[in-house]
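Accompanying notes for the structure given below.
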Amino acid sequence: MTRKRKTVAELRSQRWFSAPGATGVHKHRRMKQGGFAPADYEDKPVIGILSTWSDFNTCHAHFPQRIEDVKRGVWEAGGFPVVIPMQSVSESFVRPTSMMYRNFLAMEAEEAIRSQPVDGVVLMGGCDKTTPGLVMGAASAGVPAIYVPAGPLLNGYWRGERMGAGSSTWKTEADYRAGRLTREEWVASGDTTARSAGTCNTMGTASTMTSLTDVLGLTLPGASSIPAVDAAHQRMAALSGRRIVEMVWEDLKPTDIVTPASLRNAVITDMALSGSTNSLIHLVAMARRLHLDLSLADFGKASEGVPVVANLMPSGKYLMEDFYFAGGLTALLNVIREHLDLSCVTANGKTLGENIEGAEVFDHDVIRPLDNPVYGSGGLIVLTGNLAPRGAVLKRSAATPELLSHTGPAIVFENRKDMMARIDDPKLGATADSVLVLRDAGPVGAPGMPEWGMLPIPKPLLEKGVRDMVRISDARMSGTSYGTCVLHVCPESRVGGPLALVKTGDLIRLDAEKRSIDILVDEAELERRRAAWKPPAPHYTRGYGELYSQHVLQADEGCDFDFLARAGVTEEPEVH
Ligand code: FES
């Protein structure tokens, strides 16, 4: 595809460096202070490298080296690289929840780009929220952007078994609580699940979001599957640095790449990967930043159309390193090519079809053919009913098939504190048929919609061998988790959604076949409860927490801030 090339005079950075009079002189003086001669940066695309590195984000521990690789590519292609640090939003350390800071990162990225002489950006992220946060910010800033995914960490093994970050740790934790593992065994087994730099090596949220960003065309083809510490990852980073310089000259922006067709490709691929339930929130938010429509119904439709062909934890048995050696994402896309629009343009200037042509599968158990899938239809389904009028999500491929049609009495927890205090108490009276309900865990509620949706199984039941129950909440669930967990119940309980009205003992019916989730209480009684309901006191009365609570949208709208999701005018800064 040939695009009209930008001229030097059209570079955004020229507004700073070619500014008339004292303004331009001052900008050059300060660049010289940094040790750069005008020949280093003059008349060249200035490439911002937005890095989410910090010592707290151990998934990005290799970024200092990768930044050097990206810089090398930018220099080689005739650009000028500038590192711009971003908050790292570590999934493991940021609390009350990383989700609360995704929008903060998106704002930071957008404003850092707009307020400085940047012509194009390399986005460096991978740990869950960093991918959507950076993409949302760059999309709103409207400059050419390429994504460099951190890449998955290496396979873990314990006693000869593959150990996946998250997925395996939840299992061994349940075994420890049930008394089947000693504390030492539990700790030792968990340590094997994070054995190198890189993002969680299951098809959790990190791998899902980097894969979908790859499908959208915002990375070099197949970049998301390369293990973080592989030399191929260094080469990919350098090539991304080279490519962004050309993208600036071509003026190839996220708005040119992400279209309704590429979004549909991403949703279809999400189903074939059995991606994380979190993707239903992040993709909607990303689409809305580009003023494209994407709704939960679109995921519901896609779910019927394509089977799960990626045999990856938590729905399958392999890990991302296996996926890479089996051919990676490009090979998987080639398997499902009949479901995709192959004409979509991607960051390397070629179409998706051109990028995946001839991509081979080398292990047909890791990437299954369409006629021998891991699961016969898409991994994720959307439920509605009187308990979730605006939708809820279930990862059916990671659920217990017998529980997909289930009616049982609710045991309600007011919040996580209440749940943790009572969950293992034999007086709770839980049976395998009970439906565990957690409220006050939504976007405003917890706050920040934490990944509490895989409620723990009560210890007395664990000891009897029960490993799954129907669990319902307005929380999210880690992409590495599993079980019959109905998530993202919308609207959330804290803003008066029906989840706030459930009482212990009420019957709840889950019917995955009919895509429904209902509380079997008559409408008049629900109305009485609604009239008596009082909203809890707010968590914050100042600061970012208050801004967040007042402006965050519900899960079906992507949990972006209302003032960021809407269309509007943002002026370019006056340079002085
Ligand atoms: Fe960073 Fe899982 S904790 S990707």
Side-chain angles (χ1 to χ4, degrees), residues 51-64 66 86-102 105 123-135 147-156 162-173 190-214 219 223-230 233 270 273-279 281-282 312-315 319-321 323-324 329 395 398 448-454 475-482:
S51 161
T52 49
W53 175 83
S54 93
D55 279 327
F56 270 129
N57 198 330
T58 45
C59 303
H60 299 174
H62 55 317
F63 273 11
R66 289 301 170 276
M86 298 278 114
Q87 60 175 311
S88 65
V89 200
S90 164
E91 194 61 27
S92 304
F93 289 98
V94 169
R95 294 294 178 268
T97 156
S98 61
M99 184 63 184
M100 201 167 144
Y101 292 93
R102 184 202 64 180
L105 172 62
L123 308 171
M124 296 185 63
C127 191
D128 295 21
K129 310 305 176 292
T130 56
T131 301
L134 288 170
V135 170
Y147 195 74
V148 171
L153 62 92
L154 297 177
N155 277 8
R162 275 183 179 73
M163 296 293 286
S167 305
S168 301
T169 51
W170 312 131
K171 286 203 169 80
T172 51
E173 191 174 324
D191 288 351
T192 66
T193 63
R195 65 175 271 249
S196 77
T199 47
C200 291
N201 54 6
T202 47
M203 188 43 74
T205 304
S207 295
T208 302
M209 292 315 301
T210 55
S211 299
L212 300 186
T213 302
D214 198 331
T219 68
S224 59
S225 308
I226 307 171
V229 294
D230 196 296
H233 196 272
D270 201 4
L273 290 170
S274 191
S276 160
T277 45
N278 285 318
S279 62
I281 295 175
H282 298 317
L312 299 172
M313 290 185 201
S315 299
L319 295 169
M320 288 301 288
E321 193 181 336
F323 185 58
Y324 176 61
L329 187 70
K395 190 171 200 172
M449 208 180 176
E451 295 183 332
W452 296 339
M454 189 172 82
R476 295 175 300 119
M477 175 173 92
S478 164
T480 61
S481 298
Y482 53 89

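Just follow the structure's listing: the first ligand is 1, and inside any ligand the first atom is 1. By convention here, the first residue in the shown sequence is residue 1.
Ligand 1 places these atoms under 4.0 Å from at least one heavy atom of A206: 4 (S). Here is the list of ligand 1 atoms found below 4.0 Å of a heavy atom in D128: 2 (Fe), 4 (S). Close approach of ligand 1 to E91 (heavy-atom distance below 4.0 Å) involves ligand atoms 3 (S). Atoms of ligand 1 lying under 4.0 Å from at least one heavy atom of T199, given by number and element, are 4 (S). Contact atoms of ligand 1 toward C127: 1 (Fe), 3 (S), 4 (S) (distance under 4.0 Å to a heavy atom of the residue).
A donor-acceptor pair under 3.5 Å links the side-chain atoms of T172 to the main chain of S168, judged by distance alone.
With 3.5 Å as the limit, one finds a donor-acceptor pair spanning the side chains of S276 and T205. Using modelled atom types and a 3.5 Å distance limit, the side chains of S88 and S54 yield a donor-acceptor pair.
M86 places a side-chain heavy atom less than 4.5 Å from the side chain of L105. Residues S51 and R66 have side chains not in contact (no heavy-atom distance under 4.5 Å, counting atoms from C-beta outward).
S207 and C200 make their closest contact through OG-O, 3.3 Å (heavy atoms, listed as atom of the first residue, atom of the second, distance).
Checking C59 against atom 1 (Fe) of ligand 1, an N/O/S atom falls under the 2.8 Å cut-off.
Counting heavy atoms closer than 4.0 Å to ligand 1, residue C200 contributes atoms from both its backbone and its side chain.
Residue S92 places a heavy atom under 4.0 Å from ligand 1.
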